Amino acid sequence: MSLIPSDQEKHQPSTTSEGIDTGHDQIDQQFDLNPADIAAHTPSLRGRKLTAAVAFVAGTGFTLFGYDQGVMSSLITGNQFEASFPEVIVEASHPNHATLQSFTIAIYEVGCLFGALSNLWVGDKLGRRRTIVLGGSIMIIGAILQVTAFSFAQLIFSRILTGYGNGLITSTVPTYHAELSPSAKRGRMIMMEGTLIVAGVSIAYWVDLALFFVNWSSAQWRVPIALQLVFEIIMVTCIGFLPESPRWLVKQGRDAEAMAVISAMEDKPFTDPEVQRTYHGIREAVAVETSSQGSLRELATGGRSQNFRRTVIAVVCQMMQQLTGINLVTYYTILFQRLGLSDVNARITAAANGTEYFLASFIAYYAIDYVGRRQLMLIGTIGQCIVMLLLAILGYINNGPAQIVSVVLLFGFNTFFAIGWLGMAWLYCAELAGLRTRAPTNALSTASNWTFNFVVVMVVGPSFNGISWRTYIVFAALNAAIVPVVYFFFPETGGRSLEDLDVVFALAHITGEDPVKVSLRKDIPLAGSREADEILGVVTGVQYHHATKPLTSSFSSEVKTPV
């Protein structure tokens, strides 16, 4: 598939019928694509309808993610769950049960970890859609096994299996959504996934509260677990009607199909200059990286792609999301009981907390494309650090008024987390990685999330039993450490296409500048332009129907002529 056009292909197509035919010819010759093949692969949905459908399926996946995170929070201390699984009852005669209680919750994260790591091998082979279907199908089996569990061993196995499926989904959905979202709307669309995570958590809390009063039947815990099947079936069914990611299609050599999807995403004909620029930018990104031996090996490479740096940042980002301490609240309704609330009041407060958490997430949704990724992470982390310090002080005081204020502060912590980290970690990692390494990078970063999720959830129960309020000091220190990491090492990804970020890192490598400083510049060439070609080291000679300005002196003095 030659990317070298002839001179006559460089002319702007007219709006006449003859011009349209010429535009088709240019597509055919410039990109070696047959317009008939492109038309044959046209998705049934276009523009806003396609964007909304992708957002719905991705949102269902993340609502499921949140529901599974929150559902065990209240169930584990319910009388029917304890009757079915006495191993989780914490009492003086069995102090080790505090660890088993944490283990029952945390083992789910182990399954998620292995599911995310599996994406290193299956993600690019199966594609985004089939990986999501596989993960959803595994979750359906795991949920059925959980609902029918009558032994502790079956419960643990089924939670691992369900987590495995969720690991596949959570390491794929952000990438799929990012690759099918226009750059101008990508931030909001993926931040909505964070909002829907919390919607799932909130739904789980209210369902747990409603079933808490069914204290004469195991339906008290079986029904809440069974309800996740609704989300799983919707997701697996609906994704069959959506197109594959155009970036994955290009990697597989299915170029006509990729062009058709891009045209549908933009709701423009495939002869449109912007559609062609997007398509070429994707092909260019693939061309830059085709010389590598394999995706896993590429993760350790530097050069213009800066894959190692980008992978490390993504892994650290997801690690830090968990080390903020959010799952102290999400997984432990018992935390409110420690603050003096009764069983019923603790569950009502947890459900109200989840609802407020959901509402607070809209702040980031509306701010993401105006404030920027880095700023929101910094605001959220500083707020979380202050809240944790205050919780430690009030925990030391430990009287009635201090406990009331502590409950309010837990609401405040969720608010800051919703602003800075809830959907941000998933969005940022999906944006940061290069095309060829996007699947394995997101697999590793998601594995990092689940690894430290497991660590935090396992530690919290024994930690509160051992050092009580001092646990908050630990998380205050962790939040304080996150601030300089974000400030000095996290480039800004907002306002750019996914391919534009390749240009940012390549330019930083060539000029020896800090990628963070380069990412904040406003004069970075767009991917697909001649300036970007030179920075990336791609010699294609492709000209677009829109004019491209010559290299400015600032770039031409910095960029080495590709050999």
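Quick caveat, the model's predicted, so the values are computed rather than measured.
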Using the benzene-type ring in the case of Trp, are the ring centres of [X] and [Y] under 6.0 Å apart?
X: W450; Y: Y164; answer: no
X: Y357; Y: F411; answer: no
X: F413; Y: Y472; answer: no
X: W426; Y: F62; answer: yes

Backbone of [Y] reached by a side-chain donor or acceptor of [X] within 3.5 Å:
X: R254; Y: V250; value: no
X: S448; Y: L444; value: no
X: Y108; Y: M72; value: no
X: D267; Y: R46; value: no
X: Q228; Y: L64; value: no
X: R373; Y: T493; value: no

For N453 and N327, does a side-chain donor sit closer than 3.5 Å to a side-chain acceptor?
->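 Short answer, yes.
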
Is it true that the side chains of S202 and T355 contain a donor and an acceptor less than 3.5 Å apart?
->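 Note: S202 and T355 side chains meet the donor-acceptor criterion.
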
S463 and T471: CA distance, side-chain angles, deciding distance, side chain to side chain donor-acceptor pair (under 3.5 Å) verdict = CA-CA 6 Å; S463 178; T471 302; 2.6 Å; yes

Measuring only between side-chain heavy atoms, which start at C-beta, is [X] closer than 4.5 Å to [Y]?
X: I326; Y: V456; answer: no
X: W421; Y: Q384; answer: yes
X: L323; Y: N479; answer: no
X: I144; Y: L229; answer: yes
X: R310; Y: L501; answer: yes

Whether F85 and F81 hold their rings parallel, tilted or perpendicular, with breakpoints at 30° and 60° | tilted

Any salt bridge between E244 and R130, counting N to O under 4.0 Å?
-> no

Quickly, which of V198, N166, I197, V457 forms a side chain to side chain contact (heavy atoms under 4.5 Å, CB included) with Q69? Name it, please.
-> I197

Please confirm whether R159 makes a cation-pi placement over F454, using NZ or CZ under 6.0 Å from the six-membered ring centre and within 45° of the ring normal.
->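 Because its charged atom misses either the 6.0 Å distance or the 45° angle limit, R159 does not stack over F454.
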
